[in-house]
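Both counts, for ligands and for their atoms, begin at 1 and track the order of listing. Note that the coordinates shown come from a computational prediction; the quantities given were computed from them, not determined experimentally.
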Amino acid sequence: MKAVKIGSVGLGRLGYEHARNLANLIPGCVLQAVCDMDEPRLRAVAEELNVPRAYTNFAQMCEDPEVEGIVIVSPSFLHVEQIRLAMEHGKHVFCEKPLGVDVPQCRQAEAVVERHPELVFQLGFMRRFDVSYAEAKRRVEAGEIGRVVLVRSYTQDPRSTIESTLKFAPHSGGQFLDMCVHDLDLVRWFTGSSIQKVWGIGGVFEFDLYRELNDADNAAAMVQCENGAMGFLFTNRTHAAGCNVETEIIGTRGTLRVAPVGARDLLQIVDGHGARQEYYPDFMSRWHDAFVAELTAFTGHIRSGTRPSDLTVYDGTAVSEAAYRCKESFECGKMLPIR
Ligand code: NAI
């Protein structure tokens, strides 16, 4: 198998996970370079993972002729500029969600990707690479549950990680953009239809910081697609038992549920507290295999010179736009059409 040489930018919470996967778990992949503006962190990760090149300056990594593809795991407001720089230097790009922090930025990303049809571009909607979600999609496509009527999807981070969540909140883009993008992507993916109108609601139940940010610490949205199918989303950051992501797809002929109890495994523990199941402690462990699978797919596309046909830059724009409209709807208290 031909080796594919990757450079990765951003070595924070998720960036470190992706870098470790690229270095150790992706078949035929060489982690050739890493980049982070935090120099001590950069040096430590480069040494730990035995990475030949380390850059504090992203533009310099883009000039490295050894690097074929770039994985972008930097703060969301940097994504579009880094996509542009990478592609203008002839690099294939994998970019974490969200595509951009506003719709004009997403349109700029579309234009860059359109200018470079010879390069792979993939977005980090890793749920699509999770075995259970992929199986649900296969069954929906096979017509097993008839016509999809409603997608209900919850994304709840654990209370145990609230400290880092609160630090991240001011530059996260808000709950709808940061958390609900995955659920909005699932609504579009499972219904096969574009989101047409949204009604975002929510409130501050515990953390005043969210009030200062004009955001909610618990948020929900109802959405409707062009084909009439509906979506109901809920998100918060204080789930008691760990990372909970559960999805229900209701069709005219049946229902599919992914992780209705978001337990880590089938083990039931019976002790002085009663009978219980352990949850995944955080999003990293919940999605570990999906993170590996999406980057395996990315390096595979580079090797075969193909672009993912069903996960495009336009999906990134559509989902981001729906998320912004949810935020606007939450702010004005009205149901809003997607423009
Ligand atoms: P983080 O804040 O933990 O890490 C960001 C890293 O980027 C830091 O190490 C920082 O020093 C570095 N950085 C900042 N500016 C830079 C620059 N100009 N050049 C180079 N490095 C720079 O952020 P986290 O949580 O790892 O998130 C990163 C991205 O991944 C975000 O866009 C986030 O939305 C996305 N993400 C996606 C998830 C998913 O479920 N797919 C889960 C978590 C994050």
**Q** Could you tell me the residue and atom name of the protein heavy atom closest to atom 29 (C) of ligand 1, and the distance to it rounded to 0.1 Å?
**A**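 In this structure, atom 29 (C) of ligand 1 has Ser74 O, 3.3 Å as its nearest protein heavy atom.
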**Q** Which residue holds the protein heavy atom closest to atom 28 (C) of ligand 1, what is that atom called, and what is the gap in Å?
**A**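 Sorting protein heavy atoms by distance from atom 28 (C) of ligand 1 puts Val73 O, 3.2 Å first.
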**Q** Number the atoms of ligand 1 from 1 as they appear, then name those within less than 4.0 Å of a heavy atom of Val9, with their elements.
**A**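 So the atoms of ligand 1 that pass are 20 (C).
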**Q** Which protein heavy atom lies closest to atom 40 (O) of ligand 1, and at what distance to 0.1 Å?
**A**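 Ranked first by proximity to atom 40 (O) of ligand 1 is His182 NE2, 3.0 Å.
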**Q** Quick one: which ligand 1 atoms are inside 4.0 Å of a heavy atom on Gly12?
**A**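 Those qualifying, in numeric order: 3 (O), 4 (O), 6 (C), 9 (O), 26 (O).
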**Q** Can you tell me the protein heavy atom closest to atom 15 (N) of ligand 1 and the distance?
**A**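 Here the closest protein heavy atom is Met37 SD, 3.0 Å.
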**Q** Can you confirm whether or not the ring centre of Phe121 sits under 6.0 Å from the ring centre of His92?
**A**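 No, ring centres 6.0 Å or more apart.
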**Q** Run the salt bridge (charged side-chain N to carboxylate O under 4.0 Å, His left out) test against Arg188 and tell me which residues pass, sequence neighbours left out.
**A**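 Result, salt bridge (charged side-chain N to carboxylate O under 4.0 Å, His left out) vs Arg188: Asp315.
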**Q** Between His301 and Gln122, is the side chain to side chain contact (heavy atoms under 4.5 Å, CB included) condition met? List the steps.
**A** CA-CA 9 Å; His301 281 298; Gln122 189 178 322; 3.8 Å; yes
**Q** Of all the atoms in ligand 1, which lie at a distance below 4.0 Å from a heavy atom belonging to Gly124?
**A**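 Within the 4.0 Å cut-off of Gly124, ligand 1 contributes 41 (N).
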**Q** Just which atoms of ligand 1 are under 4.0 Å from any heavy atom in Pro98?
**A**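 So the atoms of ligand 1 that pass are 34 (O).
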**Q** Could you check atom 38 (C) of ligand 1 against the protein and tell me its nearest heavy-atom contact, residue, atom and distance included?
**A**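 Answer, as residue, atom name and distance: Leu14 CD2, 3.4 Å.
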**Q** For Phe58, is the nearest heavy atom under 4.0 Å from an atom of ligand 1?
**A**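 Phe58: no contact with ligand 1 (<4.0 Å).
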**Q** What atoms of ligand 1 come closer than 4.0 angstrom to any heavy atom of Asp178?
**A**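 It comes down to these atoms of ligand 1: 34 (O).
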**Q** Can you name the residues that form a salt bridge (charged side-chain N to carboxylate O under 4.0 Å, His left out) with Glu66, not counting sequence neighbours?
**A**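 Lys5.
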**Q** Any chance the rings of His239 and Tyr279 have centres within less than 6.0 Å?
**A**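 Distance test on ring centres: under 6.0 Å, yes.
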**Q** Tell me the contacting part of Phe125 for ligand 1: side chain, backbone, both, or neither, using a 4.0 Å heavy-atom threshold, strictly below.
**A**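 The answer is neither; Phe125 stays 4.0 Å or more away.
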**Q** Starting from atom 27 (O) of ligand 1, locate the nearest protein heavy atom and write down its residue, its atom name and how far away it is, to 0.1 Å.
**A**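 Going by distance alone, atom 27 (O) of ligand 1 is nearest to Phe168 CE1, 4.2 Å.
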**Q** Looking at Asn218, Asp217, Asp178, which hits side-chain hydrogen bond (donor to acceptor under 3.5 Å, both in side chains) with Arg237?
**A**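 Single pass found, and it is Asp178.
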**Q** For atom 34 (O) of ligand 1, which candidate among Glu96, Glu294, Lys97, Met126 holds the nearest heavy atom?
**A**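 When every heavy atom of Glu96, Glu294, Lys97, Met126 is considered, Lys97 comes closest to atom 34 (O) of ligand 1.
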**Q** Which protein heavy atom lies closest to atom 42 (C) of ligand 1, and at what distance to 0.1 Å?
**A**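 Sorting protein heavy atoms by distance from atom 42 (C) of ligand 1 puts Phe283 CE1, 3.3 Å first.
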**Q** Please state which protein non-hydrogen atom is closest to atom 18 (N) of ligand 1 and give its distance, to 0.1 Å?
**A**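 Here the nearest protein heavy atom works out to Leu78 CD1, 3.5 Å.
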**Q** Under a 4.5 Å cut-off applied to non-hydrogen side-chain atoms, are Phe58 and Met37 in contact?
**A**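 They are not in contact (no side-chain heavy atoms under 4.5 Å apart), so the answer is no.
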**Q** With heavy-atom distances below 4.0 Å as the criterion, list the atoms of ligand 1 near Gly15.
**A**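 It comes down to these atoms of ligand 1: 26 (O).
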**Q** Of the choices Asp36, Val245, Val34, which has the non-hydrogen atom that lies closest to atom 12 (C) of ligand 1?
**A**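 Checking each option, the heavy atom nearest atom 12 (C) of ligand 1 is found in Asp36.
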